[in-house]
Amino acid sequence: MLTDPKPDAPSWRSPSQINNARSFVLMSCGVLLGLVLAGYSLFTARSASTLIVPAEDVALVNQQPVSRADFTALLQTLYGVDWSHATKEQRRKVLQDMIREELFVQRGKELDVASTDPDVRGALVNAVELEIAENAITTQPSEAALRRYYAAHQDRYVSEGIMRVKDWVFPAASLAQLPSAAGALKSAIRDPQALARLDGRDSGRTKGDEFYFAAKIHLGDELFAGARDLSEGAISAPIRMADGIHVLEMEKNRHPVPFDFAAARAQVSTDYRNQAIERSKAGGESFLRKRANVLVADDLR
């Protein structure tokens with residue numbers, strides 16, 4: 001009994017016939033070729049670049065723009081001329097200087113100079129602080145805001161007080177036998193013989209008329225507190241300190257006088273802006289700290 005022969009297998013080379021093996025091989029070759037091309041592009045491609053310098057720039061240095069506005073400003077600073085009056089040599093010199101600067105800045109970034117050079121780090125900190133505080137620096141406060149600030153800090157806006165005071169100092173040992181030390185001391189500073197008998201002397205801390213802030217520095221907080229409210233010609237109660245007993249004799253005392261808002265306005269505006277700047281800096285620092293991962297050594301926690 002005769003049987004029909006098996007049909008011929010699909011031909012490898014015949015495009016009109018379906019061949020599973022051929023399809024798989026071609027698909028594998030396509031995938032392999034795609035991977036090779038992708039790898040080549042990945043390791044040889046350069047960053048996107050352009051051969052055209054934008055109108056707002058005078059040059060591109062590694063695709064980083066050199067601003068035309070900065071160029072014009074530097075031209076004016078160095079030579080005192082604008083673009084139209086500058087010579088070709090002046091333009092070339094300024095351009096080459098700016099290109100050199102950009103090249104060195106880029107190299108500095110590659111070397112991470114900012115992490116090691118204290119001057120660069122300081123400049124970066126100042127630049128970031130100015131950027132953070134830009135709004136506070138440029139915003140003009142309203143009149144109402146300035147008046148509220150003035151009212152809340154009125155003690156700052158006063159004339160500088162002036163005083164002329166003598167600081168007499170007596171050794172504590174020489175007063176032990178006095179029946180009334182306070183009365184004796186007050187009398188002694190008006191009587192040269194009694195002053196000498198009690199070994200009293202001028203401490204020399206003050207010299208003639210002094211502003212309040214200088215008198216406070218020279219006398220110290222404790223003695224200045226005893227002198228501030230003395231009227232002219234008055235003598236303080238004895239003040240015991242480590243170097244002896246002090247008696248203050250007030251010769252002149254001009255207390256600070258508050259300025260009205262109109263007289264203090266310029267200083268109020270400056271103080272208001274400075275406070276706003278410091279507040280902006282503090283807010284910026286807080287934001288940076290919150291998003292940063294800061295680890296502190298155990299011995300400094």
Side-chain angles (χ1 to χ4, degrees), residues 46-147 149-150 153 156-157 159-160 211 213 259-285 287-288:
R46 297 181 179 178
S47 58
S49 61
T50 178
L51 301 178
I52 300 175
V53 178
E56 65 272 15
D57 302 320
V58 292
L60 294 176
V61 181
N62 294 326
Q63 299 303 302
Q64 292 299 312
V66 178
S67 167
R68 187 175 297 272
D70 293 342
F71 176 87
T72 303
L74 187 56
L75 196 65
Q76 180 68 40
T77 300
L78 293 179
Y79 299 109
V81 295
D82 57 18
W83 177 282
S84 60
H85 294 89
T87 65
K88 186 175 182 180
E89 289 72 20
Q90 289 172 338
R91 294 177 185 175
R92 181 183 294 111
K93 176 66 167 60
V94 171
L95 178 60
Q96 294 307 315
D97 287 347
M98 295 184 74
I99 291 174
R100 176 182 182 276
E101 179 184 83
E102 181 59 34
L103 287 171
F104 276 69
V105 168
Q106 292 182 19
R107 181 56 177 164
K109 291 179 179 178
E110 292 176 357
L111 298 175
D112 198 16
V113 173
S115 67
T116 57
D117 188 280
D119 293 334
V120 177
R121 291 175 64 87
L124 283 174
V125 170
N126 290 335
V128 172
E129 286 183 340
L130 287 175
E131 189 274 333
I132 291 173
E134 181 179 3
N135 288 337
I137 294 173
T138 58
T139 300
Q140 293 297 324
S142 66
E143 195 74 5
L146 291 179
R147 287 186 177 275
Y149 186 87
Y150 167 77
H153 304 87
R156 298 182 183 178
Y157 307 110
S159 65
E160 186 59 62
F211 289 122
F213 75 88
F259 294 126
D260 60 20
F261 177 76
R265 190 185 186 287
Q267 187 61 45
V268 171
S269 179
T270 299
D271 293 345
Y272 181 93
R273 180 174 284 106
N274 288 341
Q275 185 185 74
I277 290 172
E278 292 304 317
R279 189 163 52 242
S280 296
K281 289 180 180 179
E285 179 183 353
F287 167 76
L288 293 175

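Atoms considered below: every heavy atom in the structure, side chains included; atoms not considered: hydrogens, waters and symmetry mates. Here the structure is a predicted model, which is why all the values come from computation and not from measurement.
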Intermediate values then yes/no, side-chain contact (heavy atoms from CB on, under 4.5 Å), Val94 and Gln90: CA-CA 6 Å; Val94 171; Gln90 289 172 338; 5.6 Å; no
Arg68 vs Trp83, side-chain contact (heavy atoms from CB on, under 4.5 Å): CA-CA, chis, key distance, verdict: CA-CA 10 Å; Arg68 187 175 297 272; Trp83 177 282; 3.5 Å; yes
Stepwise side-chain contact (heavy atoms from CB on, under 4.5 Å) check, Tyr157 with Asp271: CA-CA 11 Å; Tyr157 307 110; Asp271 293 345; 2.8 Å; yes
Residues Tyr272, His153; criterion side-chain contact (heavy atoms from CB on, under 4.5 Å); working and verdict: CA-CA 10 Å; Tyr272 181 93; His153 304 87; over 6 Å; no
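Taking CD of Glu131 as the start and CD1 of Ile137 as the end, the distance is 10.0 Å to the nearest 0.5 Å. Taking CD from Glu134 and OG1 from Thr139, the interatomic distance works out to 9.0 Å, rounded to the nearest 0.5 Å. Atom CZ of Arg156 is separated from atom OH of Tyr149 by 3.5 Å, given to the nearest 0.5 angstrom. Taken to the nearest 0.5 Å, the CD atom of Gln275 stands 11.0 Å off from the CD1 atom of Ile277. Here the CZ atom belonging to Arg279 is positioned 14.5 Å from the CD1 atom belonging to Ile132, to the nearest 0.5 angstrom.
The side chain to side chain contact (heavy atoms under 4.5 Å, CB included) with Leu78 is formed by just one residue from the set Leu75, Val81, Leu74; it is Leu74.
A heavy-atom distance below 4.5 Å is not found between the side chains of Met98 and Glu102. Looking at heavy atoms from C-beta onward, Gln76 lies out of side-chain contact with Thr72 at the 4.5 angstrom threshold. No side-chain heavy atom of Phe259 sits under 4.5 Å from any side-chain heavy atom of Gln267. For the pair Arg100/Gln96, no side-chain contact is recorded, criterion being any heavy-atom separation below 4.5 Å from C-beta on. Side-chain contact between Val53 and Val58: absent, with no pair of heavy atoms (C-beta onward) separated by less than 4.5 Å.
Within the 3.5 Å criterion, the main-chain N or O of Gln64 finds no donor-acceptor partner in the side chain of Asn62.
Between Asp119 and Asp117, the closest heavy-atom pair is N-OD1, 2.9 Å. Shortest non-hydrogen contact noted between Ala114 and Leu124 is CB-CD1, 3.2 Å. Closest approach of Ser280 to Ala133, counting heavy atoms only: CB-CA, 4.1 Å. Nearest heavy-atom pair across Leu146 and Pro141 is CD2-CG, 3.8 Å.
For the pair Arg265 and Phe261, the NZ or CZ position fails the cation-pi test of under 6.0 Å to the six-membered ring centre and within 45 degrees of the ring normal.
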